[in-house]
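Just follow the structure's listing: the first ligand is 1, and inside any ligand the first atom is 1. Computed from heavy atoms alone, side chains included, the values below leave out hydrogens, waters and symmetry copies. Please read all numbers here as calculations on a predicted model, not as lab measurements.
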Amino acid sequence: MHIGAHVSAAGGLPKAVGRAVDIGAEAMQIFASSPRAWRFKAPEDALVEKFKEESEAAGMGPTVFHGIYLCALGSQDQALVERSVESLTNHMQTAERAGALGVIFHPASHRGAGFEAVLDQFVDGVKRVLDAAPGDALLMMENSAGAGDHIGSKFSELGAIIKEVGSERLHVCLDTQHAWAAGYELNKAEKLDEMLAEFDREIGLERLSAMHANDSMRPLGSAVDRHDNIGVGEIGVAGFELMMSRPALANVPMYLEVPGFEKGGPDAKNVSILKKAREEAGAVR
Ligand SMILES: [Zn+2]
Ligand SMILES: [Zn+2]
């Protein structure tokens, strides 16, 4: 299990590698463009090549890209759906060029229409993205904390989308904080194993390709998306040790998206806490 972190790619993709190395990360998640804007500029070939070379030299990987926060394939605003498809396609094409594992995105909201009502259009949007971005890069839906009308706090919803899309390239990223907020008590052995069994039943564990490692500022089942530093929140270090001890998760890379002890985002301290947890769990790198 590689321990990764979200790092800034400001100044160009290759810059992200050094930032990940500096905090001891073994893998990284990056934004390919500002997560709060639609504007997208594909990176130049030279930068992509440099990024790949430097990642390889540092033994860094797998890399994942995180899609922008504005995407909403379940929206009733058709223009918004079109922009979402275009944005995800751009990210997937970039991930493919960069040799990344794939792109993680939030299924976002059904805006009150209900999951069933937007399922078909969501599926259609995902299919269009995958068709427009051929290759090996995976498209990974992230489970949500369950606030408001957000899709994907239940594995059954993600599983329904995957079944309808019918592609080998549609996978899932499990965010530990979102799962906790959605009511999955993953720091108790029995509950964690129940959660993994449910994931396997509804989605298939072979489609669990990344995790976001975040502790939680809010209580179990709160439906609130608030990440905390590892060991400071409600899940606790023991919860991460437990997860790392499970064979089903042994090869799933983890990416920190924590506030940081100095409030500067994922840092060396969070990485080292996870590395220690991995040792305690007896998991192999
Ligand atoms: Zn996340
Ligand atoms: Zn979150």
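In summary, Asp225 and Arg218 do not engage in a salt bridge, as defined by a charged side-chain N under 4.0 Å from a carboxylate O. The residues Glu86 and Arg83 are annotated as not salt-bridged, no charged nitrogen and carboxylate oxygen being separated by less than 4.0 angstrom. Under 4.0 Å is where a charged nitrogen must lie from a carboxylate oxygen, and between Lys50 and Glu54 at least one such pair does.
Around the Zn ion (ligand 1), protein N, O or S atoms at less than 2.8 Å comprise Glu142 OE2, Asp175 OD2, His212 ND1, Glu257 OE1.
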Evaluation steps, ring pair (Phe, Tyr, Trp, His ring centres under 6.0 Å), between Phe115 and Phe122: CA-CA 9 Å; Phe115 173 70; Phe122 197 102; 7.7 Å; no
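Considering just the N/O/S atoms of Asp225, the one nearest the Zn ion (ligand 2) carries the name OD1.
Checked against Asn214 for a side chain to side chain donor-acceptor pair (under 3.5 Å), the options Asp175, Asn229, Thr176 give a single hit: Asp175.
His66 has its ring centre less than 6.0 Å from the ring centre of His212.
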